[in-house]
Protein chains: 2
Amino acid sequence: MSMDCKFESALEIFVGKWKPVILFQLFTNGTMRFSQLQKAIPDISKKMLTQQLRELEYHDIVNRKMYLQVPPKVEYTLTEYANNLEPVLNAMWEWSETHLKHLSELYGEERAQGDRT
Amino acid sequence: MSMDCKFESALEIFVGKWKPVILFQLFTNGTMRFSQLQKAIPDISKKMLTQQLRELEYHDIVNRKMYLQVPPKVEYTLTEYANNLEPVLNAMWEWSETHLKHLSELYGEERAQGDRT
DNA sequence: CGGCATCCCAAAAGATACTG
DNA sequence: CAGTATCTTTTGGGATGCCG
C-alpha cells in the first residue's frame, strides 16, 4: 500500500462535493437538526444530505441523535474525533476567502459580488 | 449567492478523488514530468491524470511546460497561486496521519500495517 | 512520451412520490 | 419532520487505439 493510497483513503472520509460544507455548518453552528442543515445548504437534496450524514456517522465524524416523538426530531453533532478535522476545515475556509479575492482581482470587485451571467 | 456556495465553489477547484494526491506530489517533489506523476500515483489512468491536470491548469494551480522535442517532455509545477493551498494540503496530511493512528487503535497495530483481507 | 478520440459501462446524483 | 423507495438522467472513469 503506497503512501498516496493511505492519504487518499483518509481523504475519502470527508472530501467530496458536500461533506466539507456539512462539516463546516456543524463546526460553525454546533448541534443542528436535519431541516436546519437543509436550509443552510439549499442546493443539497434530502437524499444526498441523508446519505452524506450516514457516511459521516459511519466514520465516527458526526453523531445522530433521534428523538422518538411526533413529529420526529433528529439532531446532528460532531463527534470528539471530528475535532481532528477542524484544522482542515479552517484551512479550507481560509483558502475559499483567498480564492474569492483572487477572483475579484481578476474580474473586478463588482462582478464578484453580483455574479451575473 | 450563499456563503456555502462560495465555500463550495472554492473547494471544487481542488477536491475530488485525485487532485489532492496530485497536488501533494507536486508540493513534495516540485517539478514533475507526466510520467513521473503516473508512476507516483499508480492507480490513476492516463486519461484521468491528463484531465485533472488540465483542470488544475485552468484554475491557475499548476503550470504546464512543454518542450518541443522528440520524444516529448512535459513538466508540471505548482503556480505561485497554489501556495495558498499549502495549508490545506498540510492539514489534510496531518489528518491522514491522525486517522491512520485512529485505525491502528481500533483494529490493532499489526493489521494496520499488513492490511490483509 | 504525452497525450487525444471514441466507445462503453458503472456509479453518482436528481426528480418524484410515498411514509411512520 | 425526517426520512425511503423507485426511476431516470448525468457523470465518472476504464479500455482501447491512434497520433505528433
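Just so it is clear: chains get the letters A, B, ... in the order the sequence lines come, proteins before strands, and each one is counted from 1. Computed from a predicted model, the values in this text were never measured in an experiment.
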Asker: Taking it one step at a time, do B:Ile22 and B:Val62 satisfy side chain to side chain contact (heavy atoms under 4.5 Å, CB included)?
Answerer: CA-CA 10 Å; B:Ile22 295 173; B:Val62 307; 5.5 Å; no
Asker: Consider the side chain of A:Lys17, meaning its heavy atoms from C-beta on, and name the nucleotide among D:dG14, C:dG14, D:dG3 that approaches it most closely.
Answerer: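 Minimum distance to the A:Lys17 side chain belongs to C:dG14.
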Asker: Just how far, in rounded Å, is C1' of D:dG3 from CD of A:Gln36?
Answerer: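 Atom CD in A:Gln36 sits about 17 Å away from atom C1' in D:dG3.
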Asker: How long is the line joining CD of B:Glu8 and C1' of C:dA13, in whole Å?
Answerer: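 Distance, rounded to whole Å: 13 Å.
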Asker: Can the ring centroids of B:Trp18 and A:Phe7 be said to lie less than 6.0 angstrom from one another?
Answerer: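 Ring centroids of B:Trp18 and A:Phe7 are no less than 6.0 Å from each other.
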Asker: Which parts of residues 49-69 of chain B get close to DNA chain C, meaning a heavy atom less than 4.0 angstrom away?
Answerer: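 Within this stretch, B:Thr50, B:Arg54, B:Arg64 sit under 4.0 Å of the strand.
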Asker: Apply side chain to side chain contact (heavy atoms under 4.5 Å, CB included) to residues A:Glu12 and A:Lys19 and explain how you reach the verdict.
Answerer: CA-CA 10 Å; A:Glu12 272 177 18; A:Lys19 294 200 182 77; over 6 Å; no
Asker: Grab the CG-C1' distance between B:Asp43 and D:dG13 for me, whole Å please.
Answerer: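 These atoms are roughly 13 Å apart.
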Asker: Which part of the nucleic acid does B:Pro72 contact within heavy-atom distance under 4.0 Å: base, sugar-phosphate only, or nothing?
Answerer: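 Base: the residue B:Pro72, judged by heavy atoms under 4.0 Å, touches a nucleobase.
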Asker: Grab the NZ-C1' distance between A:Lys73 and D:dG3 for me, whole Å please.
Answerer: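 One finds 17 Å between C1' of D:dG3 and NZ of A:Lys73, rounded.
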Asker: For C:dC1, does either OP1 or OP2 sit under 4.0 Å from a side-chain N or O belonging to B:Arg33?
Answerer: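 So the side-chain polar atoms of B:Arg33 never come under 4.0 Å of the phosphate oxygens OP1 or OP2 of C:dC1.
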Asker: Round to a whole Å and report the spacing from CD1 of A:Ile44 to P of D:dG3.
Answerer: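 Computing the A:Ile44:CD1 to D:dG3:P distance gives 12 Å.
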Asker: Show your working on side chain to side chain contact (heavy atoms under 4.5 Å, CB included) between B:Arg64 and B:Met66 and close with a plain yes or no.
Answerer: CA-CA 6 Å; B:Arg64 181 170 180 272; B:Met66 199 176 159; 3.8 Å; yes
Asker: Examine C:dC1: is either OP1 or OP2 under 4.0 Å from a nitrogen or oxygen in the side chain of B:Ser35? Give yes or no.
Answerer: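 No, no such contact exists.
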Asker: Is any side-chain heavy atom of B:Ile13 closer than 4.5 Å to a side-chain heavy atom of A:Trp95?
Answerer: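 The answer is yes; the side chains approach within 4.5 Å.
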Asker: Base, sugar-phosphate alone, or nothing: which one does A:Lys46 contact when heavy atoms must sit under 4.0 Å apart?
Answerer: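 Since a base atom lies under 4.0 Å of A:Lys46, the category is base.
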Asker: To the side chain of A:Ser45, which of D:dG14, C:dG14, C:dG2 is closest?
Answerer: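 Closest of the options to the side chain of A:Ser45: C:dG14.
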Asker: Whole angstrom is fine here: how far is it from CE in A:Met48 over to C1' in C:dA11?
Answerer: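 Distance check: A:Met48 CE to C:dA11 C1' gives 11 Å.
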Asker: What's the CD1-P distance between A:Ile41 and D:dA2, to the nearest Å?
Answerer: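 Between P of D:dA2 and CD1 of A:Ile41: 14 Å.
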Asker: If you check the A:Lys47 side chain, which of D:dG14, C:dG14, C:dG2 turns out closest?
Answerer: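 From the listed options, C:dG14 comes nearest.
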Asker: Describe, in one word, how the ring planes of B:His102 and A:Tyr81 are oriented to each other, choosing from parallel (under 30°), tilted (30 to 60°) and perpendicular (over 60°).
Answerer: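 Rings of B:His102 and A:Tyr81: parallel, under 30°.
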Asker: When you compare the side chain of B:Thr31 with that of B:Tyr76, does any pair of heavy atoms fall below 4.5 Å?
Answerer: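 A side-chain contact under 4.5 Å is absent here.
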